[in-house]
> 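Supplied in structure tokens, the structure appears directly below.
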Amino acid sequence: MATHAASASREVPGEPTKMSTSLVDTASAAIQGFGPINRIHQHLCAFHFYGDDMTRQVEAHHYCAHQNEEVRQCLIYDGPDTKARLIGLEYIVSENLFLTLPDEEKRLWHSHEYEVKSGALFMPGIPGPIQRQDMEKVVKTYGKVFHFWQVDKGHTLPLGLPQVMMALTRDGQLYDHLKADVEKRHGVSFEEEREKRAYMKGLEHGIHPLANGGGKGVKLVIRETDCKPPQQQQEHHETSNHSVPRVFV
């Protein structure tokens with residue numbers, strides 16, 4: 001069953017913001033610097049699906065900043081408005097950097113080639129000729145995404161483990177109703193943009209066979225393990241018969 005980008009209600013549990021809190025926010029905003037946030041320079045809209053369940057598809061609004069020409073980092077929200085919830089993050093790297101990653105790491109990254117060429121990855125409100133200049137770069141990159149808030153399940157708080165997310169890689173994966181909804185709200189046509197991006201060249205070495213989960217599902221799981229103690233406790237444990245507790249109390 002198809003799922004929407006966000007639950008029917010975006011109301012987050014908790015008391016309404018008080019005037020005193022708003023005053024503090026206003027004062028701090030006038031004094032403090034917000035360097036990392038101020039570096040955000042672009043808004044990208046795309047779709048993600050859960051690494052172990054392609055039926056759970058989520059509209060994802062990326063707010064990105066360049067670290068340099070080969071690395072970007074993006075905050076991901078479930079919408080572009082002021083009530084949007086921060087649901088995840090994505091790192092975007094060049095093909096050259098991706099190829100330096102260990103093989104076990106590559107499975108966590110997805111290619112952007114299809115997303116870009118299909119028109120499904122776009123910059124809301126930016127004229128086509130301008131955004132295509134950047135898409136010519138994005139088409140040759142890989143991304144690593146984690147979502148922390150499963151809004152498609154209607155969660156009102158970020159519950160559970162971070163979820164590895166993947167991206168579209170071929171026609172027929174994206175639900176028609178999600179595509180139509182986004183096109184209508186943002187006044188775009190994926191098909192028209194696909195035609196205009198046909199000239200773009202993708203990854204120089206082709207999509208790596210280990211990317212996109214290596215073609216298989218990917219899911220994070222939790223397992224119990226011993227907690228390494230501080231060095232002082234560790235040294236004491238090695239010279240005594242006292243056990244070091246594994247659980248924080």
Side-chain angles (χ1 to χ4, degrees), residues 1-13 40 42-64 72-92 107-125 135 138 141-190 193 211-213 215-221:
M1 179 178 179
T3 54
H4 290 282
S7 59
S9 173
R10 278 185 171 176
E11 294 302 320
V12 177
I40 290 175
Q42 66 179 191
H43 171 200
L44 303 174
C45 182
F47 301 91
H48 293 154
F49 61 83
Y50 288 75
D52 65 328
D53 189 351
M54 192 178 290
T55 69
R56 296 178 62 192
Q57 300 180 1
V58 180
E59 180 182 338
H61 291 263
H62 305 53
Y63 292 84
C64 305
R72 305 185 198 196
Q73 53 189 23
C74 309
L75 300 176
I76 300 175
Y77 291 81
D78 65 338
D81 55 87
T82 56
K83 295 193 72 174
R85 293 166 291 189
L86 177 64
I87 62 173
L89 56 84
E90 177 167 4
Y91 299 103
I92 299 174
R107 296 185 67 236
L108 300 175
W109 296 73
H110 62 265
S111 57
H112 290 132
E113 185 170 323
Y114 174 82
E115 278 192 295
V116 172
K117 288 190 173 184
S118 69
L121 175 60
F122 66 99
M123 301 168 68
M135 291 298 114
V138 178
T141 63
Y142 288 90
K144 181 180 182 180
V145 179
F146 289 97
H147 279 200
F148 308 109
W149 199 327
Q150 299 183 56
V151 292
D152 65 300
K153 281 191 170 182
H155 291 177
T156 56
L157 289 173
L159 306 178
L161 296 176
Q163 300 290 311
V164 180
M165 308 297 283
M166 292 294 167
L168 306 172
T169 56
R170 59 178 175 79
D171 290 343
Q173 292 178 331
L174 179 62
Y175 284 118
D176 289 338
H177 74 277
L178 291 181
K179 173 178 177 291
D181 181 45
V182 168
E183 287 182 315
K184 181 179 180 180
R185 283 189 284 109
H186 292 283
V188 297
S189 169
F190 294 170
E193 193 59 29
N212 303 305
K216 299 180 180 180
V218 179
K219 182 180 182 179
L220 288 186
V221 295

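Computed from heavy atoms alone, side chains included, the values below leave out hydrogens, waters and symmetry copies.
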> Which atoms form the tightest heavy-atom contact between Gly143 and Glu90, and what is the distance?
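Of all heavy-atom pairs spanning Gly143 and Glu90, the closest is CA-OE2, 3.4 Å.
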
> Is the CZ atom of Phe190 crowded by more than 12 outside heavy atoms at less than 6.0 Å?
yes

> Looking at Thr55 and Tyr175, what are the two nearest heavy atoms and their distance?
O-CE1, 3.4 Å

> How many angstroms lie between SG in Cys64 and CG in Leu44, if you round to the nearest 0.5 Å?
4.5 Å

> Among all residues two or more places apart in sequence or in another chain, which pass the ring pair (Phe, Tyr, Trp, His ring centres under 6.0 Å) test with Phe49?
none

> Under the rule for ring pair (Phe, Tyr, Trp, His ring centres under 6.0 Å), what residues qualify as partners of His48, not counting sequence neighbours?
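Here the qualifying residues are His62, His147.
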
> For residues Val12 and Arg85, report the shortest heavy-atom separation together with the two atoms involved.
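Closest approach of Val12 to Arg85, heavy atoms only: CG2-CD, 4.1 Å.
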
> Do the ring planes of His43 and His61 sit parallel (below 30°), tilted (30 to 60°) or perpendicular (above 60°)?
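Tilted.
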
> So, Ser118 and Asp171: side-chain donor and acceptor under 3.5 Å apart, yes or no?
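The answer is no; no qualifying pair exists.
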
> Any idea which heavy atoms bring Gln173 and Leu168 closest together, and the distance?
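That closest heavy-atom pairing would be OE1-CA, 3.4 Å.
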
> Ignoring hydrogens and angles, tell me if any N or O in the side chain of Trp149 forms a donor-acceptor pair with the backbone of His155 under 3.5 Å.
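It does hold such a pair.
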
> Should the ring pair His110 and His112 be called parallel, tilted or perpendicular, given that the plane angle runs from 0 to 90° and is split at 30 and 60?
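Taking His112 first and then His110, their aromatic rings stand perpendicular (interplane angle over 60°).
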
> Test Arg72 against Gln42 for side-chain contact (heavy atoms from CB on, under 4.5 Å), laying out the working first.
CA-CA 11 Å; Arg72 305 185 198 196; Gln42 66 179 191; 2.6 Å; yes

> Please report the shortest heavy-atom distance between Met166 and Gly51, naming the atom on each side.
CG-CA, 4.1 Å

> So how far is it from Tyr114 OH to Arg170 CZ, rounded to the nearest 0.5 Å?
9.0 Å

> Between Arg56 and Lys153, is any pair of side-chain heavy atoms under 4.5 Å apart?
yes

> If you count every heavy atom of other residues, nucleotides or ligands that lies below 6.0 Å from Asp176 atom CG, does the total exceed 12?
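Counting neighbours around CG of Asp176, 12 or fewer heavy atoms of other residues, nucleotides or ligands fall under 6.0 Å, so no.
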
> Contact between Gln163 and Tyr50 at the side-chain level, heavy atoms closer than 4.5 Å - yes or no?
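When only atoms from C-beta onward are counted, Tyr50 and Gln163 do touch, with a gap below 4.5 Å.
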
> When rounded to the nearest 0.5 angstrom, what is the spacing between CD1 in Ile40 and CD in Gln73?
8.5 Å

> To the nearest 0.5 Å, tell me how far Tyr142 OH sits from Glu113 CD.
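So the gap between those two atoms works out to 8.0 Å.
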
> Does any non-hydrogen side-chain atom of Val182 lie less than 4.5 Å from one of Phe47?
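They are in contact (side-chain heavy atoms under 4.5 Å apart), so the answer is yes.
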
> If you define the side chain from C-beta out and look only at heavy atoms, does anything of Leu161 sit under 4.5 Å from Lys219?
no

> Once rounded to the nearest 0.5 Å, what's the spacing between atom CG of Leu220 and atom CG of Leu108?
7.5 Å

> Relative to each other, are the rings of Tyr77 and Tyr63 parallel, tilted or perpendicular (30° and 60° limits)?
perpendicular

> So Val138 and Ile92, do their side chains get closer than 4.5 Å, heavy atoms only?
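SC-SC contact between Ile92 and Val138 ruled out.
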
> Can you confirm whether Phe146 sits close enough to Val164 that some side-chain heavy atom of one is under 4.5 Å from a side-chain heavy atom of the other?
yes

> Return the CE to OG1 distance between Met54 and Thr169, rounded to the nearest 0.5 Å.
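Reported value, rounded in 0.5 Å steps: 6.0 Å.
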
> Between Ala167 and Ser111, which heavy-atom pair has the shortest distance, and what is it?
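Here Ala167 and Ser111 meet closest at CB-O, 4.4 Å.
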
